[in-house]
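Please read the structure below before turning to the comments.
Nothing fancy with the numbering, it's 1 onward along the sequence.
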Amino acid sequence: MIGPSLEALGYILAPTLFIAGLLSPEFFLAYTGLFFAFGVFLSVGSLVLEEMDIKRVNNARHLVVLFLIAIVENFGYRQINTYWRFRGWLQFFTGERGWGTVNRLKFLKPAD
């Protein structure tokens with residue numbers, strides 16, 4: 001439950017402290033490298049454990065693609081996902097509920 005807030009805090013504090021001169025470049029690079037390496041480890045480890053248990057992927061090429069996606073997802077998608085999770089966390093604690101409204105622009109005719 002506190003994961004999104006801690007991860008978002010790390011995304012905000014580390015660059016802010018680095019820019020303010022409170023973190024050395026070596027520490028900042030080591031922290032960033034460790035952060036991404038840990039994310040890749042979790043993603044690839046999850047893929048390996050799932051494949052060992054379920055054996056869902058029969059094609060080796062598909063497994064390689066999943067492996068590459070498990071690596072790439074940590075550079076951009078994970079940060080967007082953290083934003084969404086943190087926003088949901090804030091909405092939960094502020095009492096904001098619901099999906100909002102969707103305004104329909106036009107009705108589509110059914111296909112013949």
Side-chain angles (χ1 to χ4, degrees):
M1 175 142 171
I2 62 172
S5 61
L6 292 178
E7 192 170 346
L9 187 65
Y11 284 135
I12 294 168
L13 277 181
T16 304
L17 293 174
F18 175 69
I19 292 170
L22 299 173
L23 287 181
S24 69
E26 295 84 12
F27 182 83
F28 178 71
L29 289 174
Y31 173 81
T32 304
L34 183 64
F35 181 80
F36 283 116
F38 184 66
V40 169
F41 172 76
L42 287 177
S43 296
V44 171
S46 298
L47 177 64
V48 169
L49 288 175
E50 179 182 1
E51 193 55 33
M52 287 173 54
D53 185 39
I54 299 174
K55 296 184 175 84
R56 186 178 304 184
V57 180
N58 296 329
N59 188 340
R61 182 171 179 252
H62 292 169
L63 194 57
V64 169
V65 170
L66 284 174
F67 176 77
L68 293 174
I69 290 171
I71 294 172
V72 172
E73 77 167 348
N74 289 281
F75 303 97
Y77 177 74
R78 182 177 182 88
Q79 290 75 24
I80 292 170
N81 197 14
T82 298
Y83 167 74
W84 291 328
R85 289 172 35 215
F86 182 70
R87 193 166 151 207
W89 186 79
L90 286 176
Q91 288 174 348
F92 174 78
F93 284 110
T94 59
E96 186 179 331
R97 300 285 188 261
W99 289 91
T101 59
V102 177
N103 296 323
R104 188 179 298 264
L105 298 176
K106 63 181 178 179
F107 290 98
L108 298 177
K109 294 181 181 180
D112 292 329

- Message: Please list all pairs meeting side-chain hydrogen bond (donor to acceptor under 3.5 Å, both in side chains) that have one or both residues in residues 64-73, counting only residues at least two apart or in different chains.
- Response: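 Residue pairs with at least one partner in residues 64-73: S43-E73.
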- Are F86 and W89 an aromatic pair by the rule of ring centers under 6.0 Å?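 Judged by ring-centre distance (under 6.0 Å), F86 and W89 do meet the cut-off.
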Listed pairs under 3.5 Å, donor-acceptor, residues 45-52 side chains, sequence neighbours left out:
| residue | atom | partner | partner atom | Å |
| --- | --- | --- | --- | --- |
| S46 | OG | L42 | O | 2.8 |
| E50 | OE2 | R56 | NH2 | 3.4 |
| E51 | OE1 | V57 | N | 3.4 |
| E51 | OE2 | V57 | N | 3.4 |

For [X], give me all partners under side-chain contact (heavy atoms from CB on, under 4.5 Å), at least two apart in sequence or on another chain.
X   : result
F27 : L23, S24, Y31
N59 : R61, H62
R85 : P4, E7, N81, T82
I71 : V40, V44, F67, F75

- How long is the span from the CZ atom in F38 to the CG atom in L34, to the nearest 0.5 Å?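 One gets 8.5 Å once the value is rounded to the nearest 0.5 Å.
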- Query: CG/L90 to OG1/T94 distance, rounded to the nearest 0.5 angstrom?
  - Reply: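 If we round to the nearest 0.5 Å, L90:CG and T94:OG1 are 7.0 Å apart.
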Other than [X], what residues sit in its cluster of Ile, Leu, Val, Met, Phe, Trp and Tyr side chains whose heavy atoms are under 4.5 Å apart, directly or through others?
X   : answer
Y77 : I80, Y83, W84
L6  : I2
I69 : V65

- Task: Write out all pairs satisfying salt bridge (charged side-chain N to carboxylate O under 4.0 Å, His left out) with one or both partners inside residues 8-23, taking only residues at least two apart or from two chains.
- Result: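 Sorted pair list comes back empty.
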- Message: I need the full list of salt bridge (charged side-chain N to carboxylate O under 4.0 Å, His left out) pairs touching residues 33-48, with sequence neighbours left out, sorted by first then second residue.
- Response: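 Every candidate salt bridge (charged side-chain N to carboxylate O under 4.0 Å, His left out) pair involving residues 33-48 fails, so no pair, neighbours aside, qualifies.
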- For residues 2-24, pull every pair meeting ring pair (Phe, Tyr, Trp, His ring centres under 6.0 Å), keeping only residues two or more places apart or in separate chains.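 Sorted pair list: Y11-F35, F18-F28.
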